[in-house]
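These notes concern the structure reproduced below.
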Amino acid sequence: MKDLLRTQDLSRPDIELLLETAADFATNPMRSSTALANKSVAIYMTKPSTRTRLSSETAVAHLGGTPIFIRGDELQLGRGESIADTAKIISSYCSALIIRTFAQADVNELGANASIPVINALTDDDHPTQLLADWLTIREHFGKDITGRKFVYLGDGNNMSNAWLIMGAIMGAHVVAATPTGLWSPDPDVVAIAQKIAMQSGGKIEVLHDPEAAAKDASVLYTDVWMSMGDSESERDEKVLALSPFAVTENLMSLTQKDSVFMHCLPAHRGEEVEASVIDGTKSLIWREAFHRRTTIQSLLYHLVRDDLKGSSQ
Ligand code: CP
Ligand code: NVA
């Protein structure tokens with residue numbers, strides 16, 4: 001496996017290896033401080049980022065490499081140079097490329113034309129590196145045995161719900177996406193892939209439109225912003241109205257298991273997708289989850305550059 005372009009590129013053994021190494025990096029960030037010595041990693045972003053940018057730059061630094069951050073408007077790509085040519089040029093200087101942008105197709109094209117690992121750091125369709133941090137956080141909290149546990153995403157059917165369903169399927173988990181019907185429900189193609197993976201892993205995929213039924217007896221309630229980067233402001237009012245019943249409130253949390261937790265990829269909008277008392281309350285794992293963005297990206301870079309990952313056939 002050269003690249004991480006989609007969440008489904010990862011196999012279960014790859015994820016186990018990545019989480020194990022990330023857990024080591026959590027306790028000893030400098031464990032492999034020469035892995036990227038004299039090497040550079042390009043980080044190209046055409047959308048804003050706090051966590052992914054900073055955790056990628058610090059991960060490269062901890063591995064002894066040099067991060068090169070490039071804003072969307074800084075490459076000749078914006079003036080008509082092709083993605084293929086850009087991929088070849090970056091490959092001749094750098095050891096990996098981390099990219100955040102809009103179209104998944106652009107990331108796929110970079111991967112196809114680069115000789116170095118290309119890592120999807122968020123597209124309109126997916127956010128695989130976030131899910132590695134989420135699952136390490138889940139692991140730390142609940143342990144490896146997730147039998148009988150239900151992992152519920154509530155809100156917009158977007159890049160995060162896609163990644164949540166696929167990653168949960170690979171992990172053999174019972175995962176739920178609770179969204180409005182229609183426009184803001186998860187991509188049917190992604191749901192079909194998740195279902196196919198779950199058939200092999202022993203997982204279970206559900207798409208529900210009733211937030212209370214989804215929250216009942218859940219171990220995790222997860223949510224994301226209602227307006228993603230690139231969403232049209234013209235749809236805001238209609239979208240907020242449709243998503244309001246899926247806000248994670250104290251009332252929804254009261255329906256969950258006694259040992260349940262709240263998770264959020266961040267950034268958060270308190271009073272919109274989550275009640276302030278939930279995200280800032282005792283069940284919230286958001287700070288540990290954000291901390292693991294660095295440990296998991298560090299692990300991913302470490303293993304991709306060494307060509308340790310096998311990938312999946314999905
Ligand atoms: N969760 C996440 O990807 O955060 P940023 O947009 O700040 O990178
Ligand atoms: N769905 C959000 C995730 C941010 C980490 C977005 O794409 O803006």
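Just so you know, ligand 1 is whichever comes first in the structure, and atom 1 is the first atom listed for that ligand.
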**Prompt:** Which ligand 2 atoms does L266 reach within 4.0 Å, using its non-hydrogen atoms?
**Reply:**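 Here the atoms of ligand 2 in question are 5 (C).
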**Asked** Any idea which atoms of ligand 2 are less than 4.0 Å away from a heavy-atom of N158?
**Response**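 Under 4.0 Å from N158, ligand 2 has these atoms: 1 (N).
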**Prompt:** Is the closest heavy atom of R100 to ligand 1 under 4.0 Å?
**Reply:**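 It does, in that a heavy atom of R100 comes within the 4.0 Å cut-off of ligand 1.
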**Test item: T46 and F102 side chains (from C-beta on) under 4.5 Å apart, heavy atoms** =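 Yes, their side chains come closer than 4.5 Å.
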**Heavy-atom side-chain proximity of V191 to L165 below 4.5 angstrom** = yes
**Asked** What residue among L300, I98, I119 forms side chain to side chain contact (heavy atoms under 4.5 Å, CB included) with S56?
**Response** I98
**Request:** Before signing off on this row, confirm whether R100 and ligand 2 have an N or O atom pair separated by under 3.5 Å.
**Result:**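 In fact, backbone or side chain, R100 has no N or O that close.
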**Asked** Judging by distance only, is a nitrogen or oxygen of K47 under 3.5 angstrom from one on ligand 2?
**Response** no
**Option with minimal heavy-atom separation from atom 7 (O) of ligand 1, where the choices are T52, V225, T50** = T50
**Request:** Select the closest option to atom 3 (O) of ligand 1 among R51, H127, E289, judged by heavy-atom distance.
**Result:**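 Considering heavy atoms of R51, H127, E289, the nearest to atom 3 (O) of ligand 1 sits in H127.
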**Request:** Establish, for the pair R294 and F25, whether the NZ or CZ atom is under 6.0 angstrom from the six-membered ring centre and no further than 45 degrees off its axis.
**Result:** no
**Prompt:** So, is the end of the R100 side chain (NZ or CZ) under 6.0 Å from the ring centre of Y44 and within 45° of the ring's axis?
**Reply:** no
How far is [atom] from its nearest protein heavy atom, and which residue and atom is that?
atom: atom 4 (C) of ligand 2; result: L122 CD1, 3.9 Å
atom: atom 2 (C) of ligand 1; result: R293 NH1, 3.3 Å
atom: atom 8 (O) of ligand 2; result: M229 N, 2.8 Å
atom: atom 7 (O) of ligand 2; result: N159 ND2, 2.8 Å

**Message:** Taking only non-hydrogen atoms of D156, do any sit less than 4.0 angstrom from ligand 2?
**Reply:**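 Per 4.0 Å heavy-atom rule, D156 does not contact ligand 2.
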**Asked** Any side-chain donor paired with an acceptor under 3.5 Å for S260 and K283?
**Response** yes
**Message:** Tell me whether D73 at atom CG has more than 12 heavy atoms from other residues, nucleotides or ligands lying less than 6.0 Å away.
**Reply:**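 Result for CG/D73: enclosed.
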**Asked** Mind checking whether W164 and W135 have parallel, tilted or perpendicular rings, split at 30° and 60°?
**Response**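 Rings of W164 and W135: tilted, 30 to 60°.
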**Message:** Test of understanding: given a 4.0 Å heavy-atom threshold, classify the contact between L266 and ligand 1 as side chain, backbone, both, or neither.
**Reply:**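 Under 4.0 Å from ligand 1, L266 contributes backbone atoms alone.
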**Message:** Going by the rule ring pair (Phe, Tyr, Trp, His ring centres under 6.0 Å), which residues pair with F246 if we only count those two or more places apart in sequence or in a different chain?
**Reply:** none
**Asked** Who passes salt bridge (charged side-chain N to carboxylate O under 4.0 Å, His left out) against E250, sequence neighbours left out?
**Response** none
**Asked** Quick one: does C265 get an N or O within less than 3.5 Å of an N or O on ligand 1?
**Response** yes
**Message:** Heavy-atom pairs closer than 4.0 Å: do any link ligand 2 to the side chain of D124, the backbone, both, or neither?
**Reply:** neither
